[in-house]
Amino acid sequence: MSLVRLKIKGISYSQTQNGAYALILNEVDGDRKLPIVIGAFEAQSIAIALEKEIKPPRPLTHDLFKNFSDRFDIVIKQVIIHKLVDGVFYSSIICERDKIEEIIDARTSDAIALALRFNAPIFTYKTILDKAGIFLKFSSKEKDKEDSDDSIMVDEILQEGETVEINPSGSEGYKELSLEELYSELDKAVASEDYEKAAKLRDEISKRK
């Protein structure tokens with residue numbers, strides 16, 4: 001079976017279901033998206049790995065795994081989303097130590113959080129993308145409001161019992177703050193380990209640049 005390489009498009013949240021997030025993966029050489037429902041902790045960990053400027057004062061679980069692996073010369077070579085059963089994605093982490101390769105079973109959200117930290121590529125099989133992949137097409141006007149529509153799409157897919165996408169939004173409450181105030185709030189959020197808030201602040205700061 002042929003493998004298809006994926007990249008992370010972003011993270012989104014549900015406006016109606018508290019704690020429901022979705023990770024959206026995009027095929028590198030195509031337009032299909034693979035939405036995967038994930039938990040709040042995993043969404044936070046992935047968002048922090050994506051936001052290079054957010055540095056937790058203490059290592060999160062996935063950071064700890066990365067530090068442990070580095071200490072013992074374990075390298076993650078790639079992640080493969082290899083199975084889809086009843087709406088649940090199954091993944092494998094391909095590791096290597098002393099030129100010996102090992103395959104470890106993992107939740108897809110954990111596998112992707114680790115892939116980001118090891119700069120490892122993410123793949124799935126074409127049959128899985130054919131089954132669960134979706135197309136999202138936007139006109140020029142629709143493209144401007146794509147971010148705000150992400151959470152709506154999450155709710156629609158959740159209602160259908162399917163999987164979802166991610167792009168931390170919900171930063172409307174920060175629009176009235178100055179750039180200096182945003183940076184101050186960002187520092188406070190990181191210090192208090194409120195990484196969900198930090199990701200939203202970082203998102204608002206990025207829009208101002």
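All values derive from a computational prediction rather than experimental measurement. Values below: every heavy atom of this structure, side chains too, minus hydrogens, waters and symmetry copies.
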task: Run the numbers on F65 and D110 for side chain to side chain contact (heavy atoms under 4.5 Å, CB included), then give the verdict.
output: CA-CA 11 Å; F65 185 95; D110 289 328; over 6 Å; no

Would you compute the distance between atom [atom1] of [X] and atom [atom2] of [Y] and round it to the nearest 0.5 angstrom?
X    : Y    : atom1 : atom2 : result
L50  : S45  : CG    : OG    : 9.5 Å
C95  : F118 : SG    : CZ    : 7.5 Å
L25  : F89  : CG    : CZ    : 8.5 Å
L116 : I122 : CG    : CD1   : 5.5 Å
L114 : I104 : CG    : CD1   : 9.5 Å

statement: Going by chain and number, the hydrophobic cluster around L64 (ILVMFWY, side chain to side chain under 4.5 Å) further includes none

Transitive ILVMFWY cluster of F72, excluding itself - 4.5 Å side-chain cut-off: F68, I74

task: Evaluate the side chain to side chain contact (heavy atoms under 4.5 Å, CB included) criterion for residues L3 and Y125: first the C-alpha distance (whole Å), next the side-chain angles of each, then the deciding distance (0.1 Å), finally the verdict.
output: CA-CA 5 Å; L3 288 172; Y125 289 110; 3.3 Å; yes

Who passes side-chain contact (heavy atoms from CB on, under 4.5 Å) against [X], sequence neighbours left out?
X    : value
D130 : R32, K126
A111 : V79, S91, I93, A106
E96  : K77
V28  : R5, K7

- request: Take I76 and N119, measure what side chain to side chain contact (heavy atoms under 4.5 Å, CB included) needs, and give me the verdict at the end.
  value: CA-CA 9 Å; I76 290 180; N119 293 316; over 6 Å; no

field: Set of side-chain hydrogen bond (donor to acceptor under 3.5 Å, both in side chains) partners for S92, sequence neighbours left out
entry: H82

query: Of all residues at least two apart in sequence or in a different chain, which pass the side-chain hydrogen bond (donor to acceptor under 3.5 Å, both in side chains) check with D70?
result: K66

- prompt: Can you list the steps and then say if I80 with T124 is a side chain to side chain contact (heavy atoms under 4.5 Å, CB included)?
  reply: CA-CA 5 Å; I80 299 177; T124 191; over 6 Å; no

- prompt: Which residue pairs pass the ring pair (Phe, Tyr, Trp, His ring centres under 6.0 Å) test when at least one of the two sits in residues 25-52, sequence neighbours left out?
  reply: F41-H62

- prompt: Is the backbone N or O of L182 less than 3.5 Å from a side-chain atom of E185, with the two atoms forming a donor-acceptor pair by type?
  reply: no

task: Evaluate the side-chain proximity of S69 to V75: yes if any heavy-atom separation is below 4.5 Å, no if none is.
output: no

message: For a 4.5 angstrom cut-off between non-hydrogen side-chain atoms, does I128 reach V4?
response: no

statement: Quick note, salt bridge (Lys or Arg N to Asp or Glu O under 4.0 Å) partners involving residues 112-121, not counting sequence neighbours, are D63-R117

- prompt: Is it true that E42 and R107 make a salt bridge, defined as a side-chain N closer than 4.0 Å to a carboxylate O?
  reply: yes

query: Under the criterion side chain to side chain contact (heavy atoms under 4.5 Å, CB included), which of N26, I81, I112 is the partner of L6?
result: I81

- prompt: Are there more than 12 heavy atoms of other residues, nucleotides or ligands under 6.0 Å from atom CD of E180?
  reply: no

